[in-house]
Amino acid sequence: MRESVYHFAMAMEAELKKNDHKGGWDGESVDWLLKRLDQEVIELKDAIRLGKNPSEVGEEAADVANFAMMISEVVYNETRTAALMRYSR
């Protein structure tokens, strides 16, 4: 694994751990997750525009990546579930 990818993945995990008390994204709709992604992109842009330190910008970037990951997982699981239901009939 590339070093930059590894470090970014670790930042993503750190952000997820900070939010464990929120209960995760199981059961969230893609639409809701997309809205949250949009909000996180705005926060990332603001952090850059305001000249926040690299650590804060990195945290915001990890939040954006986490919501993209959540969307990917929800779509994958919905597609997989639909396929399993089609074949179980």
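- Of the candidates His21, Glu15, Lys22, Asn19 forms a side-chain hydrogen bond (donor to acceptor under 3.5 Å, both in side chains) with just one, namely Lys22.
- Salt bridge absent: Arg36 and Glu28 never bring a charged side-chain N and a carboxylate O closer than 4.0 Å.
- Contact record, Val57 with Lys52: CG2-O, 3.8 Å, taken as the closest heavy-atom pair.
- In terms of heavy atoms, Met1 sits closest to Tyr6 at SD-CA, 3.5 Å.
- Side-chain contact between Val74 and Leu33 is present, with at least one heavy-atom pair separated by less than 4.5 Å.
- Taking CG from Asp38 and CG from Leu34, the interatomic distance works out to 7.0 Å, rounded to the nearest 0.5 Å.
- Across every non-hydrogen atom of Phe8 and Ala65, the tightest pair is CE2-CB, 3.4 Å.
- Residues Phe67 and Lys35 fail the side-chain proximity criterion, which asks for heavy atoms closer than 4.5 Å.
- Rounding to the nearest 0.5 angstrom, the gap separating the NZ atom in Lys18 from the CG atom in Asn66 is 10.5 Å.
- The heavy-atom pair separating Leu37 from Ile71 by the smallest distance is CD2-CD1, 3.9 Å.
- Taken together through direct or relayed side-chain contacts under 4.5 Å among Ile, Leu, Val, Met, Phe, Trp and Tyr, Val64 and Val75 form part of one hydrophobic cluster.
- One hydrophobic cluster, built from ILVMFWY side chains closer than 4.5 Å, cannot hold both Leu50 and Leu44; they sit in different ones.
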Exercise for the section: Could you walk me through whether Asn53 and Glu56 pass the side-chain contact (heavy atoms from CB on, under 4.5 Å) test, one step at a time? Expected result: CA-CA 5 Å; Asn53 69 54; Glu56 291 173 293; 2.9 Å; yes
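- Residue Glu73 holds its CD atom at 11.0 Å from CZ of Arg80, rounded to the nearest 0.5 Å.
- Ile42 is not connected to Ile48 by any chain of hydrophobic side-chain contacts under 4.5 Å among Ile, Leu, Val, Met, Phe, Trp and Tyr, and they are in different clusters.
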Handout entry: salt bridge (Lys or Arg N to Asp or Glu O under 4.0 Å) evaluation trace for Lys17 with Asp20
Key = CA-CA 5 Å; Lys17 282 184 180 180; Asp20 275 347; over 6 Å; no
